[in-house]
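Data block below; observations after.
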Amino acid sequence: MSTATPDTPNTAHGADGHSAAGGHAHPSNWLYVKVAIALALLTAFEVFTYFETVHGWGDNAIIVMLVAMMVLKFFLVVAFFMHLKFDAPIFWRLFVFGLILAMAVYMVMLTAFRYW
Amino acid sequence: MSSRVKKLAWLSSLLVVSGSAALIAVAIVVDKNHPLSTLSPVGRQGREIAELINPIFIVAGVVFFLVQGAVLALWLRYRVSGSDTGDGEYGYYEDEEFPEQVHGNNRLEIAWTLVPTALLAVISVFTLIALFALDDVEASDEDLVVTVVGQQWWWEYQYHLDGDTTTPPDFVTANELVIPVGVDIPLDIKSRDVIHSFWIPKLNGKKDAVPGRSHDWVIQSEQTGRFRGQCTEFCGLSHGYMKMVAVVLTAEEFAEWRDNQMTPAEMPQGGTAAASGREIFAQQCASCHVVNGITSPADRGGEGTEPDGWDVYGEFNGADAGVYLDIDTLVAGAAPNLTHLMTRSTFAGSIFDLYLGAGEHLGYLDLPASGTLNRGELEAWIYNAPERKPADADNFRGMPSRTGLSPKDIDDLVAFLSTLD
Amino acid sequence: MTAVQSPRIAHRPLGVFTRPQGSEGWRSWLFTVDHKRIGIMYGAAALFFFIVGGVEALFIRLQLATPNGSVIGAGTYNGVFTIHGVTMVFLVVMPMAAAFANYLLPLQVGARDVAFPRLNAFSFWCFLAGGVLLTSSMFIGGWFQNVPDGGWFNYAPNSGVLFSPSKGIDFYAVGLQITGIASLVSAINLIATVLNMRTKGMSLFRMPVLTWMLLITQFLLLFAIPVITVALFLLMFDRLWDSNFFNVAAGADPLLWQHLFWIFGHPEVYILILPAFGIVSEIIPTFSRKPIFGYHFMVASGIAIGFMGWGVWAHHMFTSGMGPLSVAAFSVSTMFIAVPTGVKILNWLATMYRGRLRFTTPMLYAVGVVSMFTIGGLSGVTHAIAPSDTQQTDTYYIVAHFHYVIFGGALLGLFGGFYFWWPKAFGYKLNEAWGKASFWVMLIGFNFTFGPMHILGLQGMSRRIPTYRADEGFAFWNMVASIGAFVIAIGVAMFLWNVYASTRKWRRAGRPDVGPDPWDARGLEWMTASPTPEHNFDSDIEVQKLDEFWHRKYGRDETGRVVRAAPTSQIAHDGSNTSVHLPSPSYWPIVLSAGILLVGYGLIFNLWLAAAGVALLVGAIYGWSLEPPDDPDAAGHHGDHAGELPAADEAEGRAGSPLELEEAQSVD
Amino acid sequence: MTDTAAAEVAALSEDHRTSTGISNEKLAMWLFLGSECLLFGGLISTYMFNKGRIGPDDIGPDDVFDIPFTSVSSFVLLMSSLTMVFAVSSIAKGDLRRNRIWLAATAALGATFVAGQVYEFTAFYSEGLGFTTNLFGSSFYALTGFHGAHVTIGIIMLMSLFVMSVRGNLSRERAETVEIIGLYWHFVDVVWIVIFTIVYLFPQ
Ligand code: HEA
Ligand code: HEA
Ligand code: CUA
Ligand SMILES: [Cu+2]
């Protein structure tokens, strides 16, 4: 729970209206476009692996690659489009807490089923 | 409070606490007449479990007394009178002495984090050792494996004398699991409909019977005798009436019993009441019940070819997924096999005694001789089973009523059933 | 209560959507968005459901009093214990905790209201809708014909249409989803309140332990509710639209339900207990005249319980056939939950140590929790020993365990809370003599009811059986337990009588002046008039310490003795400031909930009804968003915020830094 | 920091009434999204657990999936996140006209995705995979259906924003509302990233 209950006082920031982000650089529209391009490329590559299976890559290798790309895409969207990278850290903690909890709990569940 | 009063209060509360503890202890130790008790195990597994938990009960008891003692002591020692503030008094406490304002003590906190942790670490080691030991099947000269199938609301036992559960069993019986004394008997626990749980408390803990799954379990008894059980996973309407019995015989008795189970029933002679009972049975009962040697698979109206109804519960998708539910299979064979009904001492999920006056009779093979048939209950059952044991017979759960039968029909049926020994 | 003026109401072109103004009488309750009234309504509803669930329990005990009991049939019995469990867990303990959360959280952090007052009202009405739906299952279509009857954890596949053809399980699936929406919305709301609405200087580690425990509870709800939502959705799809999630014939594994249920279910039990732990942590220091011992450890152990609670769920499944490795892992993880819980117990004892203990009614309840919960906790640890749990599970030994933790822990704590904060909410104390008497009657009855169940369980009595044979040896203790249950009933009746009689007394004699702080307590809620004025505090409080209010009352003299620094009347607010702008009431929360209720019945009975419900629901959302935004949850209109506090002055206004924490610790 | 949109949004959402300086609404949305992780996590795990539990002759993923088609619709949804960011940054700059365009574009892309999903569902259905056909069918439709419902709700919210904007009820001061709905929209997109990989692309 502690990640979820941030040490709020530390997010204190100047009254000048500066964002909670402190001194980080902020994305411009061009950055968004760059992120989108990266996302598009990653997606293209993901789909490519799907058809590549035919050429005899091991399933496990493909799964690892796919998961890596999925995670990357996920964090690109969350960090940039959802501004988590720049926004108050409390959001980051809350969301990541839910995310990690969900992954942990459900992976343990599948493990108990001897799924893997 | 004067010290005299305090002493008195101490004494009386000590008396109350230790008195009630003693009472409980006595109640637990005098564990007779509790056929389901977990406190006086007779099976190896049950005993190992008890040996694991009894010291832990003691540890828990010590913690219990420490905490309750502390509560009592603090109460008696630091209580100040005049706590009854009555209604609506304002500022009651205002000029009062304050105790020392202690905010905490890190060393104490760490101590009472670490001490329980250490205690539990020790306990968990013993737990793990016991846990894995319990899974072992100790070598025995028997190859026997029994497939236990739960069904709303009775148990079926399929005996595999060669230990191979993938082939049809050698014989099938219901509700009373008969095993030889002193050897570990592996069980293969399945369900045909919903989740049940197989539990003979004096022998071992319980294991769920889950449809679509097959669970390994072991039971053993160090004594001969009859040990009661109860389905312990809620399984619908008659869950409370889904009981069973484990009967533990000596090796010789078991062999005799086993050989008897393998022999098919004899066709009653023409002209007797039993013979006409058989006719009625063929019309009214054989659609569900199998009597080896007497009913044919065709009587069941099902697809099965084996007389015991084995093959109607197939494997699923090639995997060993156990048995699964299908309304058709329920009708077509999933009722207790009655071939040797009379060798059981109870019927209908072991809630009725089949014999009167037999008591907790042990000489299983003598049973028919040692008591008189509980005719009234059996007749009532045949006439209107759902009235005797809650069931949803319209949906193929439980045995339907046969209120169309005349008293003579029932007499004949009972005469027929009496031949099934 | 006095109507509060709402000076500036934006009248939109859409005149229909004006908000109800500070109204009187019953309407002021239906449309209220005041967290205190909502809290009171939660409490009242929970008490009502407690009587419903308790009467159900009495039927259980009547049926089991003697062997071969025939008071109710097997089918009805199955319905009775199911609805008893569901009612007690979801409609009694959870909303009772919500009552305290709603009433106290804003007060304890020094706020005017919760972050989203209208959503708060919605949470209550939505919970009530779920409660009404579940409770109505007992009589719709005949007495106990359509009641859920699969047990409160309702294992698949017995919950499928094939095995449970009545509408009962539909009521369960739909009803719990509705209460789930309520809990989720209120969790978000209350977390936002605690994080965001704290008054000046109220840093996280200056919050009372109760605030912390409630906050942790809300986080548990936030993450646990969606899990049961998934399970309930799958169940509902199976039942209403023939999907295959729990259809074994199609290859499904019924253990999926068990995992999903208990991933929710175990955090749920800490959802039930943590609020009570918080209440106890308020009561014991007050009546020991000492600060809570080990504040930081109390908070940290609560957090630890919240965390660990996520990793132990499969201890409910030791016999389900999971495989020995999973069993081993969950067995060990479960045991160690005893550690943080033990820290709490011992800290309470240490708080009492060398205190000046006054055994008022709330204190009796709080100490009762310490004592009774320990019993339940210890039996819990014996369940965690997986091999022996195979002997214990689904027996009365388990029933004993969870009634000791739930009744002896959660419920006693919540009752203690009623006595403690009653003067704050209503301006008069409940009668102490009756209170103590009812406590003892309850406590004795409780031990006579559930104590014997330990023995019964170990002697092999299974739970959920409508009767037992005479020769099984269960008769004696069952009779004792049944008598005990009726003794509890007398205790509860005495509590109800106390409420009635105390209320009647002040109605006749006029409200006594209990003052803002009748118990000489420590939290901010005692710093305002009783009953709490609608605007909570006359002016904003600036907090400098943990137990700020207490530190304003008391200081030390030269010799280091604790002495009064100022009379309470000088410190506390008298509630005379009526110029505070509060959000107006709103029609829409209750209308929206009515829509949800209709959808619920519609899903069970007739999809056209559901369509009507959706129409109402959409209309309500529309009305909601077009309502003149004179409250804080209308986005973007910060101008007229209810709990409006002056713009925080950055330099000093930010709640304390870690440094200040130490300072809080080192006072006097 | 006026040069970039995010900073402006952040500056606008700076909330002096709260103890954290964070607006209640935004906090609430993030809390909700944290909670949604467990909802979708549950559905995804259910799908993973169940997809293989079908008979050898049953209709399964390999029989129905049309990867090129789904890739295109996934791409569409992914790009709607870009337009959504633009919508947020334009309102933060007070450019209501652009904001309207981007809102509409986002809603349109979302609608395209949903339409694709409807098409996909009907195609699968005609190939013999219904909700009740087998465990794969039930789990697949439940998961993607839940996601589709989320997208649909997002579209409705975007269109409401659009209408508000047209009626002049949306202003720079309310940029945060757009941002919050944007958060929801991106989350739905992110969930699809996971679903697309796990459900469609993982070797069956
Ligand atoms: C308020 C609710 C609540 C709480 C707080 C708890 C607390 C605990 N519970 Fe309980 N539990 C339930 C409600 C609760 N439970 C319910 C409702 C069920 C049944 C569900 C059903 O089947 O219907 C259940 C069932 C249940 C089971 C499953 C039993 C079964 O069905 O087979 C288990 C197994 O491990 C368990 C364990 C525990 C443990 C270890 C704790 C621990 O948190 C307890 C920790 C506390 C202490 C240990 C006491 C204080 C500690 C000390 C004084 C320190 C020293 C102690 C030691 C060193 C041991 N509980
Ligand atoms: C918060 C949780 C909670 C609470 C408080 C209680 C309270 C009680 N419970 Fe239980 N109970 C559960 C949660 C709870 N229960 C759960 C989860 C189950 C499992 C269900 C399942 O298996 O699915 C269960 C199961 C359960 C069983 C097991 C049933 C079985 O397995 O077959 C029993 C048996 O004795 C029982 C008894 C009681 C009793 C006697 C009380 C008493 O403490 C009740 C006391 C209250 C009263 C007696 C009410 C007072 C009423 C009046 C004073 C009437 C006066 C009214 C007017 C004048 C208007 N409960
Ligand atoms: Cu079978 Cu319970
Ligand atoms: Cu648990």
Side-chain angles (χ1 to χ4, degrees), chain B residues 27 33-34 36-39 49 52-53 56 60 63-64 67-68 70-71 74 78-80 83-84 87-88 90 93 98-99 101 103-104 109 112-113 116-117 120 124 127-128 130-131 134-135 194-195 201 205-208 210-213 215 230 232 234-237 239-240 324-326 390, chain C residues 74-75 151 155 157-158 163 248-249 254 289-291 293-294 297 319-321 324 328 331-332 335-336 338-339 342-343 346 349 352 354-360 370-371 374 378 382 385-388 390-391 394 429 432 455 458-460 462 464-466 473 512-515 520 562 665 668:
Chain B
N33 303 327
H34 295 112
L36 289 151
S37 177
T38 64
L39 298 168
I49 291 172
L52 170 68
I53 195 70
I56 296 173
V63 177
F64 168 87
V67 173
Q68 308 302 338
V71 169
L74 292 172
Y78 298 111
R79 171 177 219 268
V80 293
S83 64
D84 193 356
D87 258 318
Y90 174 37
Y93 295 125
F98 270 85
Q101 302 289 296
H103 288 267
E109 302 281 353
W112 58 52
T113 309
T117 307
L120 290 168
S124 56
T127 303
L128 293 183
L131 179 62
L134 278 167
D135 271 356
V194 301
I195 302 179
K206 42 188 95 62
K207 193 70 163 186
D208 287 3
V210 181
R213 297 171 70 104
H215 293 151
Q230 161 78 46
T232 43
F234 181 71
C235 54
L237 184 58
H239 158 71
Y324 63 99
L325 176 90
D326 185 302
Chain C
Y155 278 176
N158 188 46
F163 299 105
V248 180
R289 322 283 292 144
K290 280 177 66 194
F293 191 89
F297 288 89
T319 62
S320 69
S331 175
V332 171
M335 278 178 229
F336 286 96
V339 174
V343 168
L346 295 168
L349 294 178
M352 288 164 68
R354 293 197 165 168
R356 290 177 62 83
L357 310 186
R358 287 178 190 279
F359 283 91
T360 58
V370 177
S371 168
T374 303
L378 290 173
T382 64
I385 316 294
S388 58
T390 63
Q391 287 285 28
D394 279 319
K429 275 187 191 171
E432 278 283 301
I455 301 172
L458 293 174
Q459 286 174 342
S462 288
R464 298 173 167 181
I465 54 173
D513 180 16
V514 291
D520 199 6
V562 177
Q665 229 181 343
D668 51 56

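Quick note on labels: first sequence line is chain A, next is B, and so on, each numbered from 1. Computed from a predicted structure; not experimentally measured.
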Checked C:Pro466, C:Ser320, C:Pro254, C:Gly342 vs chain B; the most non-hydrogen pairs under 4.5 Å come from C:Ser320

Rounding to 0.5 Å, atoms OG1 (B:Thr113) and CG (C:Leu346) come to a distance of 9.0 Å

Whatever's closer than 4.5 Å to a heavy atom in chain C on B:Pro201 counts as both

Original post:
Is a side-chain N or O of B:Arg79 found less than 3.5 angstrom from the main chain of C:Phe359, in a donor-acceptor match?
Top reply: no

If one checks every heavy atom of C:Phe336 against chain B at 4.5 Å, the contacting part turns out to be both

Bottom line for B:Leu74: the part with an atom under 4.5 Å from chain C's heavy atoms is both

With a 4.5 Å limit on heavy-atom distance, are the side chains of C:Arg354 and B:Pro99 in contact? no

The side-chain contact (heavy atoms from CB on, under 4.5 Å) partners of C:Thr390 (sequence neighbours excluded) come to B:Ile49, B:Trp217, C:Thr319

Looking only at C:Val370, C:Val332, C:Leu349, most heavy-atom pairs under 4.5 Å shared with chain B are made by C:Leu349

Looking only at B:Leu134, B:Leu237, B:Ile56, most heavy-atom pairs under 4.5 Å shared with chain C are made by B:Leu237

Rounding to 0.5 Å, atoms CZ (B:Phe234) and CZ (C:Arg464) come to a distance of 7.0 Å

Practice task
Go through the steps for B:Glu109 and C:Phe293 under the test side chain to side chain contact (heavy atoms under 4.5 Å, CB included), then give the verdict.
Solution key: CA-CA 10 Å; B:Glu109 302 281 353; C:Phe293 191 89; 3.5 Å; yes

Assert top hit (heavy-atom pairs under 4.5 Å, partner chain B, pool C:Ala74, C:Gly151, C:Gly294) equals C:Gly294

With chain C, the option among B:Gln230, B:Lys206, B:His215 that has the most non-hydrogen atom pairs under 4.5 Å is B:Lys206

Here the gap from C:Arg356 atom CZ to B:Tyr78 atom OH, rounded to the nearest 0.5 Å, amounts to 12.5 Å

dist B:Thr232:OG1 -> C:Gln391:CD (nearest 0.5 Å) comes out at 10.0 Å

Next on the checklist: Strictly distance-based, threshold 3.5 Å: is any side-chain N or O of C:Ser371 a donor or acceptor partner for the main-chain N or O of B:Gln68?
Outcome noted: no

Between the side chains of C:Gln459 and B:Ser37, is a donor N or O closer than 3.5 angstrom to an acceptor N or O?
-> no

Under 4.5 Å to a heavy atom of chain C? For B:Ile195 that would be both

B:Thr127 and C:Ser331 have their tightest heavy-atom pair at CG2-OG, 3.7 Å

If one checks every heavy atom of C:Thr374 against chain B at 4.5 Å, the contacting part turns out to be side chain

For C:Pro324 and B:Leu131 the tightest heavy-atom approach is O-CD2, 4.0 Å

Under 4.5 Å to a heavy atom of chain C? For B:Leu52 that would be side chain

| request: Please report the C-alpha distance between B:Ile53 and C:Ile385 in whole Å, then the side-chain angles of each, then the deciding distance to 0.1 Å, and finally whether the side chain to side chain contact (heavy atoms under 4.5 Å, CB included) criterion is met. | output: CA-CA 8 Å; B:Ile53 195 70; C:Ile385 316 294; 4.1 Å; yes

For this session: Applying side chain to side chain contact (heavy atoms under 4.5 Å, CB included), run through B:Val80 and C:Leu357 and close with a yes or a no.
Result: CA-CA 6 Å; B:Val80 293; C:Leu357 310 186; 5.9 Å; no

dist B:Leu36:CG -> C:Leu458:CG (nearest 0.5 Å) comes out at 12.5 Å

